[in-house]
Amino acid sequence: MTRNQSHDIGEFMTNHSSLKCLVAMVLTLGWLLAIGVPSTVSAQGLMDIEEPPFSYSDTVEDNRVSRLIAKMQAKELRLDYSKPRGHLESLLQALDIPVSSQTLVFSKTSMQVQHISRSNPRAIYFNDDTYVGWVRGSSLVEVSTADSKLGAAFYTVDMKPWRAKMTRSDYDCLGCHATSMTGGLPGHMMRSISPFHDGGINAQFPSHVTSDSSPFAERWGGWYVTGNHGSMQHMGNAFLRGNTLDLRRSGNVTDLGDRFDTSGYLLPTSDIAALMVLGHQTSVHNVFVKADFTVRMLEYDRAQRLAKGQSTSETDDKELSMQIAQAARQVLQAILFCDEEPLESPIETAGEFVHEFEARGPIDSKGRSLRQFDLQTRLFRYPCSFLVYTDAFDALQPTLRTEILTRLRTILTAETVPNQYSHLNATTRTELHEILSETLTGY
């Protein structure tokens with residue numbers, strides 16, 4: 001598989017082989033390459049998602065998209081069709097995805113490569129758990145979502161004037177969405193590449209997976225970016241001239257009208273704040289999946305040994321507790337922004353995304369929310385991820401979620417904290433503790 005054939009959010013591999021043996025090999029390789037995996041799991045060398053306790057293909061999905069499909073099949077809901085975008089607006093409304101979340105990617109990294117170029121970028125829309133990819137001129141929409149049992153689930157929408165047909169896609173997607181870029185398990189990624197003038201990828205140049213810890217200078221290659229970011233430089237809005245990424249017109253862009261015809265898109269922008277949130281949440285969702293799948297596997301193996309009459313020792317129980325604690329620490333590292341790259345200049349955006357995102361709450365009695373942006377020196381004012389309010393967090397294995405919340409309370413109420421949490425001063429910890437006490441069930 002070449003780099004030109006690998007995909008990011010909402011991208012699927014319908015043109016490639018979907019044989020289970022091939023995907024199993026990819027999954028094994030991805031798991032072996034994943035870092036920070038508890039020792040007893042990584043020592044086994046693989047985590048086959050087609051075997052219990054996961055049984056990916058045979059597991060009935062339960063997520064925002066599957067519930068929409070059920071409503072459509074029961075004729076409780078019908079998506080409206082209108083030109084020129086087909087069912088897009090109706091689909092976004094049904095999935096509770098704001099139009100203001102629109103970001104635009106022009107790299108040829110999707111299955112719809114024939115439609116995508118710098119003059120016809122792919123639009124990505126998202127909320128806390130679901131992503132929709134639409135390309136102007138195509139009748140196919142790509143959808144992916146977080147699922148409590150599957151990690152990530154993938155769908156396509158075939159748009160026809162008389163109906164929208166939504167179909168779950170498994171191995172068409174997992175060949176790329178379960179590799180080392182997603183921790184070896186079903187997940188999402190936001191890639192930054194060095195594109196040619198037509199949006200094609202130069203495979204000789206490095207590719208980056210974007211998160212809130214990514215250096216600003218390595219973000220958004222192959223994406224359009226609108227908004228002001230001062231002196232900071234990113235890879236967006238640029239393409240290769242020879243062997244050099246031409247960054248002369250890439251920074252502080254507020255109008256894309258001189259780069260391509262924006263008519264037909266819901267917005268003429270690719271909001272920088274939305275791009276930053278997108279990178280944060282895709283990476284954190286992947287951390288959730290890896291931690292949850294790790295604990296599920298460990299607890300399943302223990303239950304199987306007990307079912308066979310094999311006793312477990314005190315050492316075994318301690319080892320299991322240590323593994324759960326390690327998985328919890330990885331989640332805490334992600335949700336508390338321990339490795340966040342600080343902003344060297346303020347971020348400014350004229351779009352509605354910031355306002356609409358913050359309004360989603362929840363908000364405590366003092367008007368504070370984990371969704372409130374900072375955009376001066378960091379992404380959010382209160383550095384604890386809003387993803388703690390999602391179904392994906394609630395669905396973590398009970399032992400894992402309890403361990404996370406216990407450790408989180410300890411960190412936020414302690415007089416002193418370990419070095420990895422030193423970015424949380426006493427005032428910030430107190431504020432986070434007060435907000436979570438009012439807004440997070442179980443905290």
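FYI, the numbering just counts along the sequence from 1.
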Counting only N and O atoms by type, is there a donor-acceptor contact under 3.5 Å from the side chain of Ser101 to the main-chain atoms of Asn127? no

Would you call Arg378 and Asp212 a salt bridge, taking side-chain N to carboxylate O under 4.0 Å as the test? no

Can we say Glu434 and Arg368 salt-bridge, meaning some charged N sits less than 4.0 Å from an Asp/Glu carboxylate O? yes

Restricting to non-hydrogen atoms, name the atom on [X] and the atom on [Y] that form the minimum distance, rounded to 0.1 Å.
| X | Y | result |
| --- | --- | --- |
| Ser90 | Leu79 | OG-CA, 3.3 Å |
| Ala153 | Asp147 | CB-CB, 4.3 Å |
| Cys338 | Leu332 | SG-O, 4.3 Å |
| Leu412 | His433 | CD1-N, 3.9 Å |

Check: Arg122 and Thr109 side chains under 4.5 Å, non-hydrogen atoms: yes

Hey, are the side chains of His280 and Ser385 touching, using non-hydrogen atoms and a 4.5 Å cut-off? yes

Under the ring pair (Phe, Tyr, Trp, His ring centres under 6.0 Å) test, which residues partner His208, sequence neighbours left out? none

His234/His229 aromatic ring centres below 6.0 Å: yes

Phe380/Phe373 aromatic ring centres below 6.0 Å: yes

Any salt bridge (charged side-chain N to carboxylate O under 4.0 Å, His left out) pairs touching residues 93-105, not counting sequence neighbours? Asp96-Arg360

Phe216 six-ring face occupied by Arg219 cation (under 6.0 Å, within 45°): no

Aromatic Tyr155 / basic Arg64 pairing, under 6.0 angstrom, 45° off normal: no

Asp316 vs Ser313, side-chain hydrogen bond (donor to acceptor under 3.5 Å, both in side chains): CA-CA, chis, key distance, verdict: CA-CA 5 Å; Asp316 293 332; Ser313 66; 3.2 Å; yes

Would you tell me whether Asn286 and Ser283 have side-chain atoms, one donor and one acceptor, within less than 3.5 Å of each other? no

List in chain and number order the residues that pass side chain to side chain contact (heavy atoms under 4.5 Å, CB included) with Gln304, two or more places apart in sequence or in another chain; answer none if no residue qualifies. Tyr300

State whether the number of non-hydrogen atoms from other residues, nucleotides or ligands found under 6.0 Å of Asn425 atom CG is greater than 12. yes

Check against side-chain hydrogen bond (donor to acceptor under 3.5 Å, both in side chains), Ser57 and Glu50: CA-CA 7 Å; Ser57 295; Glu50 285 303 340; 2.6 Å; yes

